[in-house]
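What follows is a short report on a single structure.
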Amino acid sequence: MPELPEVEEAMQRLRAAVEGRTIAKVSTHHASHERQLPAASARRLRQQKIVRVERRGKHQLLHLENGSTLHAHFRMNGDWLMSRTDQPLDKFTRASIDLTDGSRIELHDSRALSSIKLHAKGENPLPKLGIEANDASLDADHLRAALSKKRGPIKPTLMDQAVIAGLGNIYAAEALWRAKISPRAISSSISPARLAKLAEAIHWVIENENRAPGRYTDTENRDRFEVYDREGLPCSRCGTKIKRIPQAGRSTYFCPKCQRS
DNA sequence: CGTATCCTGACC
DNA sequence: GGTCAGGATACG
């Protein structure tokens, strides 16, 4: 559940389900979530009204009436599952929020890498985040300022949430393909003209590359992408075989011919 | 900067 | 059995 449009959509479903309502009980159902939200913290959430739900990058914040904040992040697989308190929990539910009206929100995450934590009033629950990936003011000038001091390759830099909040592995690769920039290009050395293309490409990808339901590698999704998960398949612009390389521990897909440094 | 780590499931 | 997976972080 990682790329920005899906987190935005999930946050809106969460908002519709919980804003203005009151928590009856929060429970964890996996050792790592129990560590993040121990029973004593969960207890503090009881009878708290959820006054506002907010998204920043891929982070979701539930602001509570007493000023504390419940912070959730899906990481690789997470999603919200809406159910009722009288129903059995799903096998992959790692935490659940029961509301006083009998509705329940389940943090559903087979891989259990998601996180849910309580932050006291006055504590900032968020790490340093850059401009929102879908912010209209993300343009060539903004990118030039943000990238001018970055000496590393552009693809990992684009995924650095402190540079651009909300851009993930797939969209970073797709945007670079559209802008004809090599993922290995040094961030600070990219020309202003290319940065303008890149800003445009980031917005285009977020608006247009929404997946069909299911996994990203399902066939109906695979065909939605130009490079992601298309190793060995022909580039739609030049026919060259798409290459896959590791970068910062992740797979990067690109066209070695039309994406130059 | 890259790498290892957190986890489980799917797929070869 | 090994490898890979949409993310982020702590570390060297």
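Residue numbering restarts at 1 for every chain, and letters A, B, ... go by the order of the sequence lines. None of the values given here were measured: they were computed from a predicted structure.
Of the side-chain N and O atoms in A:His30, none sit less than 4.0 angstrom from OP1 or OP2 of B:dC7. When the side-chain nitrogen and oxygen atoms of A:Thr157 are compared with OP1 and OP2 of B:dC1, one or more of them lie within a distance under 4.0 Å. In this structure, A:Arg250 does not reach the B:dA4 phosphate: none of its side-chain N or O atoms is under 4.0 Å from OP1 or OP2. Distances shown here put every side-chain N or O of A:Ser251 at or beyond 4.0 Å from the OP1 or OP2 atom of C:dC4. At C:dA5, none of the side-chain N or O atoms of A:Tyr228 fall inside 4.0 Å of OP1 or OP2 (strictly under the cut-off).
Between A:Gly249 and A:His59, the residue anchored nearer the 5' end of DNA chain C, judged by the nucleotide with its closest heavy atom, is A:Gly249.
If you check B:dT3, C:dA5, C:dT9 against the side chain of A:Tyr253, the one that comes closest is C:dA5. Relative to the side chain of A:Met76, the nucleotides B:dT8, C:dG7, C:dA5 differ in distance, and C:dG7 lies closest. Side-chain proximity of A:Pro156 to C:dC4, B:dG2, C:dG7: nearest is B:dG2. Closest to the side chain of A:Phe92, out of B:dC7, C:dG7, B:dT8, is B:dT8. Distances were taken from every side-chain heavy atom of A:Arg244 (C-beta onward) to each of B:dG2, B:dG9, C:dA5; the shortest belongs to C:dA5.
For A:Asp109 and B:dC7, the CG to P distance is 12 Å, given to the nearest whole Å. With rounding to whole Å, A:Asn77 atom CG is found 12 Å from B:dT8 atom P. Atom CG of A:Asp79 is separated from atom C1' of C:dG7 by 15 Å (rounded to the nearest Å). One interatomic measurement links the two molecules: CG of A:Leu4 to P of C:dG7, which rounds to 11 Å at whole-angstrom precision. When rounded to the nearest whole Å, the span between CG of A:Leu113 and P of B:dC6 equals 11 Å. As a whole-Å value, the separation of A:His33 NE2 from B:dT8 C1' is 12 Å. The interatomic distance linking A:Asp90 (CG) with B:dT8 (P) rounds to 15 Å, in whole Å. A straight line from CG of A:Asp229 to P of B:dC12 spans 12 Å, rounded to a whole angstrom.
Taking a cutoff of 4.0 Å between a charged side-chain nitrogen and a carboxylate oxygen, A:Arg13 and A:Asp79 qualify as a salt bridge. Using a cutoff of 4.0 Å between basic side-chain nitrogens and carboxylate oxygens, A:Arg55 and A:Glu8 are scored as salt-bridged.
The gap from the P atom of B:dG9 to that of C:dA8 amounts to 22 Å, rounded to the nearest Å.
Of the nucleotides present, B:dT8 is the one that pairs with C:dA5 by Watson-Crick or G-U wobble criteria, both distances under 3.5 Å.
Counting non-hydrogen atoms under 4.0 angstrom, A:Gln161 reaches the backbone sugars and phosphates but no base. Residue contacts for A:Ile170: at a heavy-atom cut-off of 4.0 Å it reaches the sugar-phosphate backbone alone, with no base atom in range.
In this pair, A:Trp80 and A:Phe74 present their aromatic rings perpendicular. The plane angle is above 60°, beyond the 30 to 60° band.
Residues A:Glu106 and A:Pro88 come closest through the heavy atom pair OE2-O, 4.4 Å.
Note that CD1 of A:Ile164 and CG of A:Leu147 are 7.0 Å apart. Values are rounded to the nearest 0.5 Å.
Between the A:Arg94 side chain and the A:Asp109 main chain, a donor and an acceptor come within less than 3.5 Å of each other.
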